[in-house]
**Q** 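Sending over a structure as structure tokens; questions will come in a sec.
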Amino acid sequence: MREGGGAARVIAVAFAVSALASLSLTVVYALGGQPQLEGALLGIAMGAIAIGLALWAKRLLPEGPYVEPRPTVPATEARAGAEASFEAGADALGRRGFLLKLLAGAFGALGLAAVFPIRSLGSRPGEALHRTEWTEGARAVTSSGVPVHVDQLDVGGVLTVFPENHTDAADSQTLLIRLSPTEYEGEPGREDWAPAGHVAYSKICPHAGCPVGLYQPETRELFCPCHQSVFQVLQGARPTGGPATRALPQLPLDVDDDGYIVARGDFPEPVGPGFWSRGRD
């Protein structure tokens, strides 16, 4: 019993050290964090639990199997032996009950330390992944904020544009391409989305989010430089080569009273690569 009691004390200390390290990790993180110290405390917390569980399995759990002949003893001796065995078992159960509480406390403190940093992940995206800064009537502007006039681009020209006042919106970057008005047909329902031959597609590749910035006016193709996806502009920017499987979302365009290119609204589908809660494919 002395060996078991000594092992129990060591296990109890290990679980207590783990809980203390986890609580310290939580405090360090709340005060601003320090990566090296956080890593050391996390290692102590998890290592102490591992040591405690290993000792518990080695020293306190039966290793069996046990085979023992059952001798014939007088009733008085049998009763005394049963009482002694019961007391020994009760002592072991009481000791292990205390260790279970310490183990629960160690796991609880470690769980708190693991859950607390969730705030670093930021706010929930909500519908932010389904929309950009393009709104009805928003003028298309260059990266320097200059509005784009309907006569600015020549046929075959291409320009990266943003919604006015949102040139820093990475998810709103759009390729504006000038086609001949007679060659644009448009997908069903999109026949009038390209005023004077101006067609606009999201610049974000639907494969891995790279910028689709290479345009070949002779073949009317857009190329992604990262993984060589190819998109045919005259076919709704559908992929014709490479790993991309979805077309570049098209932005509906119009021309305002002053002759500037404006959006009729946002992209009809989420831009960029697919994600877990995509619900409008």
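Treat the numbers as computed from the prediction; the structure is a model and nothing was measured.
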**Q** With rounding to the nearest 0.5 Å, note down the distance linking CZ in F231 to OG1 in T240.
**A**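 If I round to the nearest 0.5 Å, the distance is 8.5 Å.
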**Q** Do any N or O atoms from the side chain of R264 and from the backbone of L253 form a donor-acceptor pair under 3.5 angstrom?
**A** yes
**Q** I need the minimum non-hydrogen distance between P268 and W193, along with the two atoms involved.
**A**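 Where P268 meets W193 most closely, the heavy atoms are CG-CH2, 4.0 Å.
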**Q** To the nearest 0.5 angstrom, please state how far the CG atom of L175 sits from the OH atom of Y215.
**A**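 So the gap between those two atoms works out to 10.5 Å.
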**Q** Would you indicate whether the side-chain heavy atoms of T245 and P239 approach each other to under 4.5 Å?
**A**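 Answer no - side chains too far apart.
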**Q** So which atom in L248 and which in S202 form the shortest heavy-atom distance, rounded to 0.1 Å?
**A** CD2-O, 3.6 Å
**Q** Do V161 and W134 come close enough that some side-chain heavy atom pair is under 4.5 Å?
**A** yes
**Q** Would you compute the distance between atom OH of Y184 and atom CZ of R190 and round it to the nearest 0.5 angstrom?
**A** 7.5 Å
**Q** Taking a hydrophobic cluster as the set of Ile, Leu, Val, Met, Phe, Trp and Tyr residues connected by side-chain heavy atoms closer than 4.5 Å, whether directly or through intermediates, do L251 and L176 fall within one such cluster?
**A**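 Yes, it is one cluster - the side chains of L251 and L176 are joined through contacts under 4.5 Å.
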**Q** Test Q250 against V199 for side-chain contact (heavy atoms from CB on, under 4.5 Å), laying out the working first.
**A** CA-CA 8 Å; Q250 183 177 357; V199 63; 3.6 Å; yes
**Q** With the 4.5 Å side-chain cut-off for hydrophobic clustering, are M46 and L37 part of the same group?
**A**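 Shared cluster, yes.
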**Q** Decide whether L179 and Y201 are clustered together by the hydrophobic rule: side chain heavy atoms of Ile, Leu, Val, Met, Phe, Trp, Tyr closer than 4.5 Å, transitively.
**A**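 Yes.
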**Q** For the residue pair T132 / D171, report whether a side-chain donor-acceptor contact shorter than 3.5 Å exists.
**A**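 Not at all, the side chains of D171 and T132 share no donor-acceptor pair under 3.5 Å.
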**Q** Take the angle between the ring planes of Y260 and H149 and call it parallel below 30°, perpendicular above 60°, tilted in between.
**A** perpendicular
**Q** Tell me the closest heavy-atom pair linking E187 and G236, and the distance in Å.
**A** OE2-N, 3.9 Å
**Q** Under the criterion side-chain contact (heavy atoms from CB on, under 4.5 Å), I'd like the reasoning laid out for V212 against C224: C-alpha separation, chi angles, the key distance, then a yes or no.
**A** CA-CA 4 Å; V212 181; C224 176; 4.1 Å; yes
**Q** Find the distance between CZ (R220) and CD (E183) and round it off to the nearest 0.5 Å.
**A**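 It is 4.0 Å, given to the nearest 0.5 Å.
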**Q** Give a yes or no on whether L110 and L99 share a hydrophobic cluster (residues Ile, Leu, Val, Met, Phe, Trp, Tyr; joining criterion: side-chain heavy atoms under 4.5 Å apart).
**A** yes
**Q** Measure the shortest side-chain to side-chain distance between V141 and P147 over non-hydrogen atoms and say whether it is less than 4.5 angstrom.
**A**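 Heavy-atom side-chain distance check passes, below 4.5 Å.
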**Q** So, for S22 and A106, which heavy atoms are closest and what is the spacing to 0.1 Å?
**A** OG-O, 4.4 Å
**Q** Measure the shortest side-chain to side-chain distance between I44 and L25 over non-hydrogen atoms and say whether it is less than 4.5 angstrom.
**A**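 With C-beta onward as the side chain, the pair stays apart.
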**Q** Going from OG on S24 to CD on E38, what distance comes out if it is rounded to the nearest 0.5 angstrom?
**A** 12.0 Å
**Q** Whether the side chain of R246 engages the backbone of G272 through a donor-acceptor N/O pair (distance < 3.5 Å, no angle test) should be reported.
**A**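 A pair under 3.5 Å: yes.
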**Q** Give the minimum heavy-atom separation between C205 and A244, together with the two atoms involved.
**A** SG-CB, 4.5 Å
**Q** Can you name the side-chain hydrogen bond (donor to acceptor under 3.5 Å, both in side chains) partners of Q36, sequence neighbours left out?
**A** Q34
**Q** Can you measure from CZ (R9) to CG (L55) and round to the nearest 0.5 angstrom?
**A**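 Between atom CZ of R9 and atom CG of L55 there are 13.0 Å.
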**Q** Going through the checks in order, is the side-chain contact (heavy atoms from CB on, under 4.5 Å) test met by D192 and D254?
**A** CA-CA 8 Å; D192 59 349; D254 206 344; over 6 Å; no
**Q** With a cut-off of 6.0 Å (strictly less than), are more than 12 heavy atoms of other residues, nucleotides or ligands near CD of E136?
**A**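 No, the 6.0 Å shell around CD holds no more than 12 heavy atoms from other groups.
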**Q** Kindly determine whether T142 and V148 satisfy side-chain contact (heavy atoms from CB on, under 4.5 Å), including the steps that lead there.
**A** CA-CA 7 Å; T142 64; V148 179; 4.1 Å; yes
**Q** Locate the shortest heavy-atom distance separating P217 from G156; write the atom from each residue and the value.
**A**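 In this case the closest contact between P217 and G156 is CB-O, 3.9 Å.
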**Q** A side-chain contact here means heavy atoms from C-beta on lying under 4.5 Å apart; do H166 and S172 qualify?
**A** no
**Q** Below 4.5 Å, heavy atoms only, C-beta onward: do P225 and L214 meet side chain to side chain?
**A** yes
**Q** Does anything in residues 221-230 form a side-chain hydrogen bond (donor to acceptor under 3.5 Å, both in side chains)? List the pairs, not counting sequence neighbours.
**A** H207-H227, T219-E221
**Q** Look at the side-chain heavy atoms of Ile, Leu, Val, Met, Phe, Trp and Tyr, link any pair under 4.5 Å apart, and say whether L153 and V255 land in one connected group.
**A**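 Yes: a chain of side-chain contacts under 4.5 Å links L153 to V255.
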**Q** Any side-chain heavy atom of E185 sitting closer than 4.5 Å to one from L234?
**A** no
**Q** Do I261 and Q152 make a side-chain contact, defined as non-hydrogen atoms from C-beta onward lying under 4.5 Å apart?
**A** no
